[in-house]
Protein chains: 2
Amino acid sequence: MARAATTTDVFNAIAEAQRRAILDVLAGGERPVGAIVDELAITQPQVSKHLRVLSEVGLVQCRAAGRRHLYRVNPTRLRPVVDWLSRYEHLWNERLDRLDDYLGELQRDGSHEDHRPQGAP
Amino acid sequence: MARAATTTDVFNAIAEAQRRAILDVLAGGERPVGAIVDELAITQPQVSKHLRVLSEVGLVQCRAAGRRHLYRVNPTRLRPVVDWLSRYEHLWNERLDRLDDYLGELQRDGSHEDHRPQGAP
DNA sequence: ACATCATATGCTCATATCGGAATCTATCTT
DNA sequence: AAGATAGATTCCGATATGAGCATATGATGT
């Protein structure tokens, strides 16, 4: 056997730095492919292929809008990674810092606001 | 270029399921190679090779004790992954659950006990 | 219908991989 | 010293990869 397929699981999908970069762009809101191509220095076919991988593991979702395909990140699929990491977080001592972050966030927005539809300037 | 080397960064190193399994074993404490071989169903050479990869990215450290090599996990090296994930955690609505986990942990340790919000089943 | 824009797919290539089997090195035991 | 034990390393083969480039698909506007 060679290395596991990138579409095997989320761990393999996010192993590639460019795929993480794409997700980072999409974390700013729904974007067409071209916007990713412009923002990162990757060719359009590469972006499309990476989006395909991300899509197959469910990390992004697509919506057709005219001749454009709008991609958005689906962060819930990162859960296996978060869960796995949670076994190790307690091994180093930053619970308090992280707790403080969460408390701060909680206090700041106070409500359950969820899908901010991209405040495009 | 082919896929990035597994030793490129932590993301690539933990992409392989067996390597994560090895780390999981080591999360239970320092272990010799043979203990990993016994606990997981992997051949000794494979375990050694995986340990080498994990070692090169700093996820494990080795200590020689006689003819045995005791490995232990170095969880601080998971930090890049945690940091990257933190950009996405706020995008899904589990702050409260996670907060509760942290609060629970905290209460068990005994420090900071007055941050507990009311209710929270 | 046609030209154009936005995206997806197909191909080829070089490369790093994981697994298996054999072997080497270092240390302990008798 | 000889043998046994614990790990590490090397060689091999099969495979999936990411990049580049050309091309196909599909929607828009005129």
Side-chain angles (χ1 to χ4, degrees), chain A residues 1-26 29-57 59-73 120, chain B residues 1-23 25-26 29-57 59-73:
Chain A
M1 211 190 285
R3 216 198 289 205
T6 55
T7 55
T8 302
D9 54 37
V10 178
F11 289 91
N12 280 280
I14 66 171
E16 202 69 18
Q18 295 200 313
R19 257 172 334 241
R20 292 197 301 279
I22 289 176
L23 288 175
D24 289 347
V25 171
L26 293 180
E30 203 176 38
R31 300 276 156 89
V33 178
I36 304 172
V37 173
D38 290 345
E39 189 147 347
L40 310 172
I42 319 180
T43 66
Q44 178 269 312
Q46 282 308 316
V47 172
S48 277
K49 287 178 205 167
H50 284 314
L51 283 171
R52 183 146 164 66
V53 172
L54 293 172
S55 178
E56 282 190 42
V57 297
L59 274 172
V60 301
Q61 286 166 337
C62 188
R63 171 170 80 90
R67 61 183 155 184
R68 281 188 296 189
H69 294 193
L70 298 173
Y71 284 88
R72 66 182 173 286
V73 71
Chain B
M1 213 190 281
R3 215 197 289 205
T6 54
T7 53
T8 301
D9 54 38
V10 178
F11 289 92
N12 280 280
I14 67 171
E16 202 69 17
Q18 295 199 314
R19 261 179 320 249
R20 291 197 301 278
I22 289 175
L23 289 174
V25 171
L26 294 180
E30 204 177 38
R31 300 275 157 88
V33 178
I36 304 172
V37 173
D38 291 344
E39 189 148 347
L40 310 172
I42 320 180
T43 66
Q44 178 268 312
Q46 283 306 316
V47 171
S48 276
K49 287 180 208 167
H50 285 315
L51 283 171
R52 184 146 164 65
V53 172
L54 293 172
S55 178
E56 282 191 42
V57 298
L59 275 172
V60 300
Q61 286 166 335
C62 188
R63 173 168 79 91
R67 61 180 154 183
R68 281 190 295 190
H69 293 192
L70 299 173
Y71 283 88
R72 65 182 173 287
V73 70

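Each chain gets a letter, A, B and so on, in the order its sequence line appears, and its residues count up from 1.
- Here the nucleotide nearest the side chain of A/His69, chosen from C/dA8, D/dA19, C/dG20, is C/dA8.
- In this structure, A/Tyr71 does not reach the C/dA6 phosphate: none of its side-chain N or O atoms is under 4.0 Å from OP1 or OP2.
- For the segment residues 6-15 of chain A, no residue has any heavy atom less than 4.0 angstrom from an atom of DNA chain C.
- Although no hydrogens or angles enter the test, the distance criterion places no donor-acceptor pair under 3.5 Å between the side chain of B/Arg72 and the main chain of B/Gly29.
- Each of B/Cys62 and B/Ala2 has a nearest nucleotide on DNA chain D; the 5'-most of these lies closest to B/Cys62.
- Rounded to an integer number of Å, the gap from A/Leu51 CG to C/dA8 P is 7 Å.
- For A/Asp38, there are no side-chain contact (heavy atoms from CB on, under 4.5 Å) partners, not counting sequence neighbours.
- Annotation: side-chain contact (heavy atoms from CB on, under 4.5 Å) contacts of B/Thr43 (sequence neighbours excluded): B/Pro45, B/Gln46.
- Side-chain atoms of B/Arg52 lie closest to D/dT9 of the nucleotides C/dT7, D/dT9, C/dT15.
- No donor-acceptor pair under 3.5 Å is formed between the side chain of A/Arg19 and the backbone N or O of A/Ile14.
- By the salt bridge (Lys or Arg N to Asp or Glu O under 4.0 Å) test, B/Arg67 is found to be paired with no residue, residues two or more places apart in sequence or in another chain being considered.
- Checking D/dT9, C/dA16, D/dG7 against every side-chain atom of B/Lys49, the shortest atom distance belongs to D/dT9.
- With sequence neighbours excluded, the residues that form a side chain to side chain donor-acceptor pair (under 3.5 Å) with B/Gln44 are B/Ser48.
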Pull out every protein N or O sitting under 3.5 Å from an N or O of nucleotides 24-30 of chain C, one pair per line with the distance.
from: C/dT27; atom 1: O3'; to: B/Arg67; atom 2: N; distance (Å): 3.4

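- Side-chain proximity of B/Ser48 to the nucleotides D/dT17, D/dA8, C/dT7 is greatest for D/dA8.
- C/dT9 atom C1' lies 15 Å from atom NE2 of A/His50, rounded to whole Å.
- Following rounding to the nearest Å, A/Arg63 (CZ) and C/dT7 (C1') show an atom-to-atom distance of 16 Å.
- Residues meeting the side-chain contact (heavy atoms from CB on, under 4.5 Å) test with A/Ala35, sequence neighbours left out: A/Arg31, A/Pro32.
- Taking the side chain as every heavy atom from C-beta outward, B/Ile42 and B/Ile36 never approach each other to under 4.5 Å.
- Residues of residues 37-47 of chain B that place a heavy atom closer than 4.0 Å to DNA chain D, in numerical order, are B/Gln44, B/Pro45.
- Take A/Arg63 and apply the side chain to side chain donor-acceptor pair (under 3.5 Å) test, not counting sequence neighbours, and it matches A/Glu30.
- A search for side chain to side chain donor-acceptor pair (under 3.5 Å) contacts involving B/Glu39 returns nothing, not counting sequence neighbours.
- Of the candidates D/dA19, D/dC11, C/dC18, the closest approach to any side-chain atom of A/Gln18 belongs to D/dA19.
- In this structure, A/Glu30 places its CD atom 17 Å from P of C/dA6, rounding to the nearest Å.
- Residues passing the side-chain contact (heavy atoms from CB on, under 4.5 Å) test with B/Ala5, sequence neighbours excluded: B/Thr7, B/Thr8.
- Partners of B/Asp9 under the side chain to side chain donor-acceptor pair (under 3.5 Å) rule, at least two apart in sequence or in another chain, are B/Asn12.
- Rounded to an integer number of Å, the gap from CZ of A/Arg3 to C1' of C/dA16 is 6 Å.
- Regarding A/Met1, its CE atom lies at a distance of 14 Å from the C1' atom of D/dG13, rounded to whole Å.
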